[in-house]
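Structure record follows, encoded as structure tokens.
By convention here, the first residue in the shown sequence is residue 1.
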Amino acid sequence: MVCQGLLKKGDTRLQGEYVGGQMGLLTLQDIFCASYPEYERTHALPAYVRRAARAIMQGRTAALEGHIQACPDGHMSRIWYNSCRHRSCPQCAYLQTERWLALQRARLLACDHYHVICTLPHDLNPLWLANVPVMTTLLFQAVRDTLGTLLADPKDLGAQPGILAALHTWSQTLVLHPHVHCLVTGGGLSPDGRWVAVRNGFLLPARVVMAVFRGKMLAAIRQALAREALALPEGIQPQQMLHLLTRLGHPRKTKWNVRIMERYRHGAGVVTYLARYLRGGPIKNARLVACDGARVTFTRRTRQEEADGGRPAAQRMTLSVADFLQRWLLHVPAPQTRVIRCYGLYHHTHAPALAGCRAALGQPPVEAPPSLDWQTVCAQHGDAHPEQCPTCGQVLVCTGVIPRGGAPPGVWAGERAA
């Protein structure tokens, strides 16, 4: 089943659904086109969530205009539809993600980096859902202040590090699981302007980070409640919330999950991991296995395998379509939400300090990478460029334009272009 008036995925016309170098069999768009309209009729959804859903259903279809490309020698012709450019769409985010990744790689310091993960207890999920923008800001600030304060202490590092922080609100099963992934430099700029590396390859003790993060996050929540910046979840009284915060502050009653992964000789791998979820939403098309109209099956990793760093086993999970859509839509970021933030040496206001650290590490000044296009990205990944003829290798030329919502013309693969 597909969206009414849109081209079928199985049509023999080449639709140009290029996602990371591969063609997907089942996509999120298929699931939304088949099931979202009915779900929308029976559920109250914010306007920005409805816009995200419609963007996913219309991305790379005739609803968003397109053009016809053909080989100059007539070996082939195909239809190429425009992308929706929504950051939650898994099939329209590839090029933008690669551009962000190239920019961040160009700024990375040539030093060890550490991957730090700070997670909120699930007891705070109702408060999160009732105050997503404010809780997002409080979580980022608590993580920033925790790492900045500890690493500024002369007993630990005594310097200002560089931090890239990315918010993820989902788990592998798509349930609400707010946590922040951080890429932290294994060194920093001391108050007297020297580069200082961490001692013995050890960033910080995880227990200390957990205790400080817990204290700062709970203090921030209490302060926000006192100034009425946070709304209480439905059915929760002020005294109940205070009791909850007191219990969460007890080290033996609630565990705050903070993990510091082993050091990386460079930060490119962690930046690539962060970029994977910068755009494209909580689940990629490659994880979708099957959808029969009533149930959706997708693959997942277990948290223990992630913690152990082992190779994830191929495990599958099946949800009803309504449950799947509800979980996915929960993670659409509100407009103007910045899900990746830079602190310390990696903040744009600290460019002179970053330049000084690069000089101390023998690196040249930061240079903005050239703007990436499809040709460059495909060459970097060793893929055939989707805008080249597979027979002769010539770049395809535009032979016609499809208006917004217009019916696709009869252009078939292998047919000589007029």
Side-chain angles (χ1 to χ4, degrees), residues 1-11 15-20 23-66 79 81-94 96 129 132 168-177 277-300 316-335 337 339 404-408:
M1 185 181 294
V2 295
C3 297
Q4 184 177 4
L6 303 183
L7 187 66
K8 268 189 176 182
K9 289 293 182 63
D11 200 316
Q15 189 174 334
E17 184 186 279
Y18 186 82
V19 185
M23 303 292 287
L25 296 179
L26 175 66
T27 68
L28 189 68
Q29 186 180 61
D30 295 330
I31 298 172
F32 267 74
C33 286
S35 306
Y36 174 77
E38 177 61 28
Y39 182 89
E40 185 184 45
R41 282 193 290 270
T42 56
H43 294 77
L45 300 172
Y48 71 90
V49 172
R50 294 197 300 270
R51 285 195 297 270
R54 297 199 177 280
I56 286 171
M57 291 191 291
Q58 295 177 352
R60 299 195 183 281
T61 69
L64 297 184
E65 303 181 353
I79 296 170
Y81 293 119
N82 295 339
S83 66
C84 67
R85 293 181 174 269
H86 197 282
R87 59 175 165 176
S88 294
C89 179
Q91 76 172 358
C92 296
Y94 187 66
Q96 290 88 346
L129 290 175
V132 174
H168 295 176
T169 60
W170 56 85
S171 69
Q172 282 283 304
T173 60
L174 303 185
V175 297
L176 184 63
H177 183 63
Y277 297 103
L278 172 67
R279 304 178 70 91
I283 187 168
K284 299 299 185 284
N285 288 331
R287 290 179 55 196
L288 299 174
V289 177
C291 178
D292 62 4
R295 295 174 301 275
V296 178
T297 300
F298 57 93
T299 59
R300 68 182 182 91
R316 295 185 177 185
M317 182 173 189
T318 300
L319 300 173
S320 68
V321 169
D323 195 7
F324 176 84
L325 291 175
Q326 180 185 37
R327 294 190 186 193
W328 190 93
L329 294 170
L330 188 65
H331 306 293
V332 176
T337 299
V339 296
R404 181 180 292 270

Quick one, Tyr39 with Leu329, criterion side-chain contact (heavy atoms from CB on, under 4.5 Å). Give me CA distance, side-chain angles, the key distance, then yes/no. CA-CA 11 Å; Tyr39 182 89; Leu329 294 170; 3.6 Å; yes
Do Pro335 and Arg51 make a side-chain contact, defined as non-hydrogen atoms from C-beta onward lying under 4.5 Å apart? yes
With side-chain contact (heavy atoms from CB on, under 4.5 Å) as the criterion, how do Phe298 and Arg316 come out once you've worked through the C-alpha distance, each side chain's angles and the decisive distance to 0.1 Å? CA-CA 6 Å; Phe298 57 93; Arg316 295 185 177 185; over 6 Å; no
Got Glu38 and Thr42 here, is their nearest side-chain heavy-atom distance under 4.5 Å? yes
Could you measure the distance from the NZ atom of Lys284 to the OH atom of Tyr94? Nearest 0.5 Å is fine. 12.5 Å
Measure the spacing between OG1 of Thr61 and CG of Asn82 and express it to the nearest 0.5 Å. 9.5 Å
To the nearest 0.5 Å, tell me how far Leu325 CG sits from Ile31 CD1. 7.5 Å
Stepwise side-chain contact (heavy atoms from CB on, under 4.5 Å) check, Ser83 with Arg60: CA-CA 5 Å; Ser83 66; Arg60 299 195 183 281; 4.1 Å; yes
Is a side-chain donor or acceptor of Arg287 paired with a backbone partner of Gln172 at a separation under 3.5 angstrom? yes
Taking Gln91 for the side chain and Gly59 for the main chain, is one N or O donor matched with an acceptor at less than 3.5 Å? yes
Relative to the ring of Trp328, is the ring of Phe32 parallel (under 30°), tilted (30 to 60°) or perpendicular (over 60°)? perpendicular
For Ala334 against Arg87, the heavy-atom pair lying closest together: O-NH2, 3.1 Å
Examine distances only and state if a side-chain atom of Asp30 and a backbone atom of Thr27 form a donor-acceptor pair shorter than 3.5 Å. yes
Look at the side chain of Gln29 and the backbone N and O of Ile56, then say whether any donor-acceptor pair between them is shorter than 3.5 Å. yes
Criterion side-chain contact (heavy atoms from CB on, under 4.5 Å) against Arg327, the qualifying member of Ile283, Leu176, Val175: Val175
Heavy-atom side-chain contact between Gln58 and Cys84 under 4.5 Å: no
Before we go on, tell me: are the rings of His177 and Trp170 under 6.0 Å apart, centre to centre? no
Are the side chain of Thr337 and the backbone of Val339 linked by a donor-acceptor contact shorter than 3.5 Å? no
Do Val296 and Thr318 have side chains that get closer than 4.5 Å, going by heavy atoms? no
If only atom types and distance count, is the side chain of His331 paired as donor or acceptor with the main-chain N or O of Gly281 below 3.5 Å? no
Check: Asn285 side chain, Leu26 main-chain N or O, donor-acceptor pair, under 3.5 Å: no
Counting N and O atoms only, with roles assigned by atom type, does the side chain of Arg50 sit under 3.5 Å from a partner on the main chain of Leu45, one being a donor and the other an acceptor? yes
Yes or no on side-chain contact (heavy atoms from CB on, under 4.5 Å) for Leu64 and Tyr81, after CA distance, side-chain angles and deciding distance? CA-CA 7 Å; Leu64 297 184; Tyr81 293 119; over 6 Å; no
If I take atom CE from residue Met317 and atom CZ from residue Arg300, how far apart are they, to the nearest 0.5 angstrom? 6.0 Å
Can you tell me how far apart CG (Leu319) and OG1 (Thr297) are? Round to the nearest 0.5 Å. 8.5 Å
Looking only at heavy atoms, the pair that brings Cys291 and Val321 closest together is SG-CG2, 4.3 Å
Nearest 0.5 Å, what's the CG-CG distance between Leu288 and Leu25? 11.0 Å
